[in-house]
Amino acid sequence: MFGPFKPAPHIAELPADKVDARYKFLRWQVFAGIFFGYAAYYFVRANFDLAQKGLIEAGMYNKAELGIIGTGAGLAYGLSKFVMASVSDRSNPKVFLPFGLLLSGLCMTMMGLMPWATSGIAVMFVMIFLNGWFQGMGWPPCGRTMVHWWSKSERGTIVSIWNCAHNVGGMVPGAMVLLASAIYFSNTGEQATAKDVWQQALYYPGIAAMIAAIPVYLVMKDTPQSCGLPPVEKWRNDYPDGYNEETSEKDLTTKEIFVTYVLKNKLLWYIAIANVFVYLIRYGVLKWSPVYLGEVKHFNIKGTAWAYTIYELAAIPGTLLCGWVSDKLFKGKRGLTGFIFMILTTIAVFALWKNPATPEAELALYEGKPFYENPYQLMDFILMTTVGFLIYGPVMLIGLHALELAPKKAAGTSAGFTGLFGYLGGTVSASAVVGWAAEYYGWDGGFYVMITGGILSIILMLIVMLEEGKHKAKLGDHYGK
């Protein structure tokens with residue numbers, strides 16, 4: 001790498017009596033950097049979803065067109081997470097992580113404030129594509145940082161906690177729509193509709209993301225060795241099977257990363273394919289729920305924003321529970337845990353689909369009232385919360401599993417490989433296929449796509465569960481040999 005992106009050089013190790021205190025302090029500092037840094041990426045990851053209903057109400061686009069535009073994010077992010085992961089594995093995360101965040105925030109700010117940026121399908125596709133590419137600069141440096149600063153026996157817990165950054169950040173766009181609605185009411189004395197605040201749904205989170213990039217840069221560090229500390233395995237006396245400091249701490253060539261430790265890694269292929277359908281459910285619900293709840297379940301913009309926000313909030317305890325179950329109850333069996341969680345997720349999505357909307361004869365009774373006073377909408381809210389609680393566990397497990405299936409110098413690329421499948425297959429399908437099905441076959445068509453994806457994810461998780469035991473019994477397969 002070149003210039004500020006070049007990895008920080010190793011420096012002389014600190015005196016032994018200072019290592020413990022320095023290590024403990026810097027681990028908290030670095031964790032704050034990757035947690036809040038990645039949370040800020042989620043300010044501008046899916047905030048476009050909250051603008052979609054406003055764009056439809058304003059007569060600018062229909063669901064099929066927005067579905068096409070939305071594929072730009074999945075295509076770009078999937079490719080970027082894989083390509084930029086290999087760059088990240090050879091870069092300094094202190095610079096790499098906030099730089100991508102700054103550029104992503106700039107994209108969304110321009111879309112919200114500059115009319116030309118939302119003036120046509122092609123222009124919006126390009127802007128969404130660019131944002132998705134910059135988003136791909138978030139996960140890899142975080143994964144690289146975690147495998148350098150935490151040893152394997154503690155990594156399951158730390159990854160499950162860090163994974164909650166998805167949801168801490170994911171709540172922010174909904175909260176900002178609520179803020180924009182409150183400001184609109186304060187200025188006009190009228191309740192905001194989706195078409196009144198779609199621009200704020202874009203640029204409020206964009207500005208917040210750009211601001212957040214500054215403290216993230218200030219607190220991030222590269223490897224422990226660049227701070228005068230020994231490798232984490234040596235410090236904690238916690239070595240994985242086959243660990244050799246000379247080889248494990250050596251930077252790998254691009255060929256070694258891609259061919260030896262990724263493309264020849266059989267179990268990595270299994271979880272990557274499973275990730276397609278996990279992401280189809282994750283983003284199918286997240287991306288289209290603001291439109292679906294408004295069109296079919298008669299939610300207003302505030303109710304939609306609350307449902308979107310709590311969906312993300314519920315994922316925090318769900319992810320932590322999934323990590324605990326995986327580590328403690330199932331003794332590290334990631335496939336079994338994911339299999340169970342995906343069965344429950346698919347059931348919850350089916351229930352959300354089949355829960356009846358407020359009958360036409362009763363709409364006047366609940367008009368102007370908050371969603372929690374409407375029993376039909378309250379049940380939808382509960383089911384949305386349940387899906388959010390369950391779906392992020394499998395998302396976390398696949399990322400964790402990918403990190404554990406390759407050497408730490410190839411960890412970012414390994415995780416990027418599963419992300420490539422998740423976003424190119426799952427997110428693109430969630431945007432284009434679900435949007436197309438909903439536009440031309442009604443929302444039943446959209447849910448048929450998502451339920452089918454849920455069933456396929458269950459089948460693939462079962463395959464992962466069965467193959468996992470074989471790979472644990474034959475460690476050589478972990479590294480593509």
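Predicted model, so just to flag it, every value in this text is computed and none were measured.
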With a 3.5 Å distance limit and no angle check, can you tell me whether [X] reaches the backbone of [Y] through a side-chain donor-acceptor pair?
X	Y	result
Ser431	Thr427	no
Lys53	Pro290	no
Tyr41	Leu101	yes
Ser88	Met84	no
Glu57	Lys195	yes
Ser91	Val87	yes
Glu65	Asn62	yes
Asn167	Gly170	no
Ser326	Gly323	no
Thr386	Ala348	no

Min side-chain heavy-atom separation [X]-[Y] under 4.5 Å:
X	Y	result
Ile391	Val285	no
Val159	Met146	yes
Tyr77	Arg45	yes
Phe277	Met461	no
His166	Tyr38	yes
Met114	Tyr203	no
Pro205	Tyr42	no
Ile458	Phe339	yes

Report the distance from atom [atom1] of [X] to atom [atom2] of [Y], rounding to the nearest 0.5 Å.
X	Y	atom1	atom2	value
Trp198	Phe48	CH2	CZ	9.0 Å
Met108	Met110	CE	CE	11.5 Å
Cys142	Phe31	SG	CZ	10.0 Å
Ile68	Ile128	CD1	CD1	13.5 Å
Met124	Ile69	CE	CD1	4.5 Å
Leu103	Phe134	CG	CZ	4.5 Å

State plainly whether the residues Lys63 and Glu439 are in salt-bridge range, i.e. N to O under 4.0 Å.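 Yes, this pair counts.
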Is the closest basic N to carboxylate O distance between Asp222 and Arg144 below 4.0 Å?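 The answer is yes: the pair qualifies as a salt bridge.
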Audit row: Gln135, Ser80, side-chain contact (heavy atoms from CB on, under 4.5 Å) steps and yes/no: CA-CA 8 Å; Gln135 283 283 316; Ser80 176; over 6 Å; no
Nearest heavy atoms of [X] and [Y], plus distance in Å:
X	Y	value
Val177	Ala201	CG2-CB, 3.8 Å
Pro141	Leu97	CG-CD1, 3.9 Å
Tyr61	Ser119	OH-C, 3.6 Å
Ala192	Ile301	O-CG2, 3.1 Å
Ala437	Val449	CB-CG2, 4.1 Å
Ala76	Gly132	CB-C, 3.8 Å

Inspect the surroundings of CD in Glu373 and state if more than 12 heavy atoms from other residues, nucleotides or ligands are less than 6.0 Å away. yes
Between Met342 and Leu390, does a side-chain contact (heavy atoms from CB on, under 4.5 Å) hold up when you go through it step by step? CA-CA 8 Å; Met342 283 310 301; Leu390 293 168; over 6 Å; no
With Phe125 via side chain to side chain contact (heavy atoms under 4.5 Å, CB included) - residues at least two apart: Thr71, Leu75, Phe129
Is there a side-chain contact (heavy atoms from CB on, under 4.5 Å) between Tyr283 and Val434? Walk through the geometry before answering. CA-CA 10 Å; Tyr283 279 103; Val434 174; over 6 Å; no
Verify the ring-centre separation between [Y] and [X]: is it less than 6.0 angstrom?
X	Y	answer
Tyr448	Tyr441	no
Trp306	Phe299	no
Phe43	Tyr204	no
Tyr366	Phe371	no

On the 0 to 90° scale, with breaks at 30° and 60°, tag the Phe447-Trp353 ring pair as parallel, tilted or perpendicular.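 Judged by the thresholds at 30° and 60°, the geometry between Phe447 and Trp353 is parallel.
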Residue list, side chain to side chain donor-acceptor pair (under 3.5 Å) with Gln191, at least two apart or on another chain: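 Side chain to side chain donor-acceptor pair (under 3.5 Å) check on Gln191 returns Lys302.
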Could you tell me if Asp49 and Trp288 have a donor-acceptor pair between their side chains, going purely by distance under 3.5 Å?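 No, no side-chain donor-acceptor pair sits under 3.5 Å.
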Distance-only side-chain donor-acceptor flag, Tyr372 / Gln377, under 3.5 Å: no
Taking the six-membered ring of Tyr279 as reference, does the cationic atom of Arg282 (NZ for Lys, CZ for Arg) lie under 6.0 Å from its centre and within 45° of its axis? yes
Is the Lys NZ or Arg CZ of Lys297 less than 6.0 Å from the centre of Tyr292's six-membered ring, within 45° of the axis? no
Looking at Leu280, Val395, Leu460, Thr418, which hits side chain to side chain contact (heavy atoms under 4.5 Å, CB included) with Asn275? Thr418
Kindly determine whether Leu397 and Cys322 satisfy side-chain contact (heavy atoms from CB on, under 4.5 Å), including the steps that lead there. CA-CA 8 Å; Leu397 287 175; Cys322 187; 3.5 Å; yes
